[in-house]
Amino acid sequence: MKIGVFDSGIGGVTVLTALRKRFPGVEFVYLGDTANVPYGTKSPSQIKSLAANAVASFAPRQLDALVVACNTASSLALDEIMATLPKVPVFGVVEAGVRATLDAHRAFTAAKTVLILATRATARSGIYSRLLTPSLGATTQVVEQACPLLVPIIEEGLLDHPLLHLAIHEYVLRHSEDRAPGIALLACTHYPWIKKAFERALPGWQIVDSANAVAALLEEALPQLKQAGNGPSKTEWLFTDPDVVPKFVFEA
Ligand code: DGL
């Protein structure tokens with residue numbers, strides 16, 4: 001079986017890692033639109049057209065499914081991606097992020113805040129507030145925080161650089177000062193690369209990401225993935241600008 005994994009850049013690799021672990025015998029094709037990253041600072045119409053254009057390169061590869069491992073494209077361009085690949089089942093990451101957050105909240109019911117850390121485009125779309133608020137109840141508030149500087153810093157490979165820590169501090173300080181520790185969802189697939197930096201900036205908070213929830217959703221929808229054997233798993237790498245990809249991506 002062959003699964004495509006798509007992101008604007010190297011963020012989707014954090015989801016790919018969880019998928020490879022859960023489905024060792026499956027073949028993966030990873031596509032990062034590194035010529036156009038970041039998507040999250042662009043307009044909805046630019047994001048739709050860039051994402052549709054990029055995923056067209058999966059067309060000859062006869063995928064059994066495509067995981068849109070990018071919250072920004074999942075929030076704003078899922079219909080356009082499905083229209084580009086009409087024969088392929090497409091799975092976005094937002095549903096998985098919602099599920100991971102609700103699971104975390106069931107284990108931490110005292111959390112009064114769910115902080116959504118995302119790109120500007122995802123935060124502006126309001127999709128997480130819309131989907132989470134009805135299930136969380138009136139005593140838990142969903143707060144969306146855009147973190148537009150983080151994706152370029154991660155794409156540069158600066159995963160433990162003072163610049164990164166400064167930027168995170170800027171985005172989360174008022175939340176950590178004004179609120180009791182709650183749940184923070186890494187609603188951008190780039191952010192698990194810097195999970196430790198978020199843990200440092202948000203002491204006592206539970207930091208959640210969606211990678212394992214994506215794998216669980218896929219397994220429910222396509223149980224035959226578990227029958228694909230025990231590997232070794234193969235990955236074909238496609239980048240629209242291969243020269244800018246940091247080496248650690250291939251060691252993940
Ligand atoms: N990794 C993507 C996400 O999950 C976004 C990165 C970008 O801004 O391109 O939102």
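Atoms within each ligand, like the ligands themselves, are counted from 1 in listed order. Treat the numbers as computed from the prediction; the structure is a model and nothing was measured.
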Original post:
By number and element, which atoms of ligand 1 are closer than 4.0 Å to a non-hydrogen atom of Y39?
Top reply: 7 (C), 8 (O), 9 (O)

Subject >> Any G9 heavy atom less than 4.0 Å from ligand 1 >> reply: no

Subject >> atom 1 (N) of ligand 1 [closest protein heavy-atom partner, distance rounded to 0.1 Å] >> reply: H190 ND1, 2.7 Å

Subject >> atom 5 (C) of ligand 1 - nearest protein heavy atom and its distance >> reply: T72 OG1, 3.5 Å

**OP:** May I ask you to decide whether E220 forms a salt bridge with R99, counting only side-chain N to carboxylate O separations under 4.0 Å?
**Re:** yes

Subject >> Of L78, L131, V68, the residue whose pairing with V94 passes side chain to side chain contact (heavy atoms under 4.5 Å, CB included) >> reply: L131

Subject >> Separation of I3 CD1 from T235 OG1 (nearest 0.5 Å) >> reply: 11.5 Å

Original post:
Numbering the atoms of ligand 1 from 1, which are under 4.0 Å from a heavy atom of T119?
Top reply: 5 (C), 8 (O), 10 (O)

Original post:
Is E236 salt-bridged to K2, going by a charged N under 4.0 Å from an acidic O?
Top reply: no

Original post:
What protein heavy atom sits nearest atom 3 (C) of ligand 1, and how far away is it?
Top reply: N71 N, 3.2 Å

Original post:
So which heavy atom in the protein is nearest atom 8 (O) of ligand 1, and how far is it from that ligand atom?
Top reply: G40 N, 2.8 Å

**OP:** Side-chain contact test, heavy atoms from C-beta onward, threshold under 4.5 Å: evaluate it for K112 versus R179 and give yes or no.
**Re:** no

Subject >> Aromatic ring pairing F6/Y39, orientation class (parallel under 30°, perpendicular over 60°, tilted between) >> reply: tilted

Original post:
Do F239 and Y30 have ring centroids that are under 6.0 Å from one another?
Top reply: yes

**OP:** Pull out every atom of ligand 1 sitting under 4.0 Å from any heavy atom of D7, numbered as shown with elements.
**Re:** 1 (N), 2 (C)

Subject >> Backbone or side-chain N or O of T122 under 3.5 Å from ligand 1 N or O >> reply: no

Original post:
Please state which protein non-hydrogen atom is closest to atom 6 (C) of ligand 1 and give its distance, to 0.1 Å?
Top reply: S8 OG, 3.3 Å

**OP:** Could you give me the CA-CA distance, side-chain angles and deciding distance for T122 and S125, then say whether side-chain hydrogen bond (donor to acceptor under 3.5 Å, both in side chains) is met?
**Re:** CA-CA 5 Å; T122 300; S125 79; 5.6 Å; no

Subject >> Sub-4.0 Å atoms of ligand 1 with respect to non-hydrogen atoms of V37 >> reply: 9 (O)

